[in-house]
Amino acid sequence: MMRRSDRNAQIRTGQVIKATAVIASISLGLWNHPEVASAQTPQAVRSAVCERDLASRIDRIIQQPRFRSARWGIVVKPIEKSTILYQHNPNVSLIPASNVKLLTTAAALQLSDRAPSNFQNWLTVVNRYSDNDRADALRRRIGGQAAIRSALASLGVDVNSFAQVDGSGLSRSNRVTPAALVTLLAAMFTNPQNELFHRSLAVAGVNGTLRNRFRNTLVQGNLHGKTGTLRGVRALSGYLDNPSYGTIAFSIVVNQPGQSGTSLASAIDQIVLQIAQVDRCN
């Protein structure tokens, strides 16, 4: 297994696209998903966004008049640094939609002795393709909510930072803070099960629920994440490879009843593109 420090070294030397293509090529033959494709080299040229300017750029996106009634929660943090690059309402509980599946699958990896035999395929179908039935079945299989709370607590996730009533995220009674999701992502990055978790996520512009997003941008192939979609709710959380900061864990959740999903998703994508270009500019 490749060490994370080695992987980040590859990022800094410009080899990340090749590495990501290898990850993306791992297919789920048992599940017959023809949309799994190889990563293509992004055509966009990276234009640096200095770290000192990142906050103002993201603020301009979320403070547009059309989002006046929106509730945004955002945390952006490099895995190997203590510095938080950006945060907005990090501890506000929001409806996360299918980002709840990150809680379910991370807990399941800690309780793998209770998991189904073809566990890796289950994880990928739940996270990459956002299968709700499989997610709810996985929650039941590993022991329900009490087991999930205990497993996530062992990863350092504050059990008071989320309220989970299903495994899929379909219920609007689910709540989670962006800070909790980033804590979870950071913990899973260094967890012995990290490769299974990382591989189960959708790859931007390549497969799963992210296959049609970020195509021909510098994010394509460099973001492994979980989408979230309900009426008036959009979310995206995951890992973004950045040449200056290595792997960045991020969570972006927005709740705005009455706003179009296209508008919310577009704003999230604009934020991610800013994060992808962030640089120290020393």
Side-chain angles (χ1 to χ4, degrees), residues 49 53-77 84-104 127 130 132 135 157-158 161-166 168-186 201-202 204-205 208-214 217 219 223-240 248-278:
V49 172
D53 298 325
L54 181 65
S56 62
R57 287 186 175 226
I58 296 178
D59 286 345
R60 280 199 294 271
I61 295 170
I62 67 176
Q63 291 173 3
Q64 295 176 67
R66 59 181 169 159
F67 299 133
R68 187 173 292 111
S69 63
R71 299 179 70 214
W72 288 89
I74 306 172
V75 176
V76 180
K77 182 186 179 300
I84 294 177
L85 294 176
Y86 179 86
Q87 61 181 2
H88 177 86
N89 293 334
N91 297 309
V92 169
S93 292
L94 297 167
I95 301 171
S98 281
N99 271 208
V100 158
K101 293 182 174 75
L102 294 173
L103 306 179
T104 305
N127 278 340
S130 206
N132 294 318
V157 179
D158 182 356
S161 64
F162 66 94
Q164 184 180 359
V165 300
D166 61 20
S168 60
L170 283 176
S171 173
R172 290 179 178 272
S173 295
N174 289 306
R175 293 289 188 279
V176 69
T177 69
L181 289 170
V182 168
T183 296
L184 173 67
L185 290 166
L201 300 171
T209 58
L210 285 171
R211 65 188 178 278
N212 294 321
R213 291 169 71 172
F214 302 106
T217 73
V219 174
L223 186 159
H224 289 67
K226 182 73 202 74
T227 56
T229 304
L230 287 173
R231 188 175 63 255
V233 177
R234 289 296 184 275
L236 180 60
S237 301
Y239 305 107
L240 178 61
I248 294 173
F250 72 92
S251 179
I252 306 169
V253 184
V254 57
N255 294 178
Q256 188 180 19
Q259 183 61 268
S260 77
T262 299
S263 180
L264 295 174
S266 176
I268 289 175
D269 290 359
Q270 291 173 43
I271 293 169
V272 171
L273 287 168
Q274 296 298 317
I275 300 168
Q277 298 175 89
V278 69

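Here the shortest heavy-atom pairing between Gly228 and Ala97 reads C-CB, 3.7 Å. In terms of heavy atoms, Ala179 sits closest to Asn91 at CB-OD1, 3.5 Å. Pairing each heavy atom of Ala180 with each of Ser161, the nearest pair is CB-OG, 3.2 Å. Closest of all the heavy-atom pairs between Gln164 and Val100 is NE2-CG1, 3.4 Å. For the residue pair His224 and Leu201, the shortest heavy atom distance occurs at O-CD1, 3.7 Å. For the pair Val219 and Leu240, the tightest heavy-atom approach, listed with the atom from each and the gap, is CG1-CD1, 4.2 Å.
Ile252 contributes atom CD1, which lies 11.5 Å from atom CG of Leu181 (distance to the nearest 0.5 angstrom). Atom CG of residue Leu264 and atom CG of residue Asn255 lie 9.0 Å apart, to the nearest 0.5 angstrom. From Gln270, atom CD reaches atom CD1 of Ile62 across 12.0 Å, with rounding to the nearest 0.5 Å. Ile74 contributes atom CD1, which lies 7.5 Å from atom CD1 of Ile275 (distance to the nearest 0.5 angstrom). Distance OG1/Thr217 to CD/Gln277: 9.0 Å, rounded to 0.5 Å.
You'll find the side chain of Gln274 reaches within 4.5 Å of the side chain of Ile61, heavy atoms only. When side chains are defined from C-beta on, Phe250 does not count as touching Leu185, because their heavy atoms never get closer than 4.5 Å.
Every side chain to side chain donor-acceptor pair (under 3.5 Å) that Thr227 has, sequence neighbours left out, goes to Thr209. Asn132 is linked by a side chain to side chain contact (heavy atoms under 4.5 Å, CB included) to Ser98, Lys101, Ser168, Leu170, counting only residues two or more places apart in sequence or in another chain. Take Asp59 and apply the side chain to side chain donor-acceptor pair (under 3.5 Å) test, not counting sequence neighbours, and it matches Tyr86. With sequence neighbours excluded, the residues that form a salt bridge (Lys or Arg N to Asp or Glu O under 4.0 Å) with Arg213 are Asp269. Residues satisfying the side chain to side chain donor-acceptor pair (under 3.5 Å) test with Asn99, not counting sequence neighbours, are Ser237. Applying the side chain to side chain contact (heavy atoms under 4.5 Å, CB included) test to Ser93 and every residue at least two apart in sequence or in another chain returns Arg175, Thr177. Residues satisfying the side chain to side chain contact (heavy atoms under 4.5 Å, CB included) test with Thr262, not counting sequence neighbours, are Ser260. Arg231 pairs by the side chain to side chain contact (heavy atoms under 4.5 Å, CB included) definition with Arg172, not counting sequence neighbours.
For the side chain to side chain contact (heavy atoms under 4.5 Å, CB included) with Val254, the lone residue among Leu236, Ile268, Ile271 that qualifies is Ile268.
Counting only residues at least two apart or in different chains, side-chain hydrogen bond (donor to acceptor under 3.5 Å, both in side chains) contacts with residues 61-77 comprise Gln64-Arg66, Arg66-Ser263, Ser69-Gln256. Among residue pairs with one or both ends in residues 257-266, none qualify as salt bridge (Lys or Arg N to Asp or Glu O under 4.0 Å); sequence neighbours excluded.
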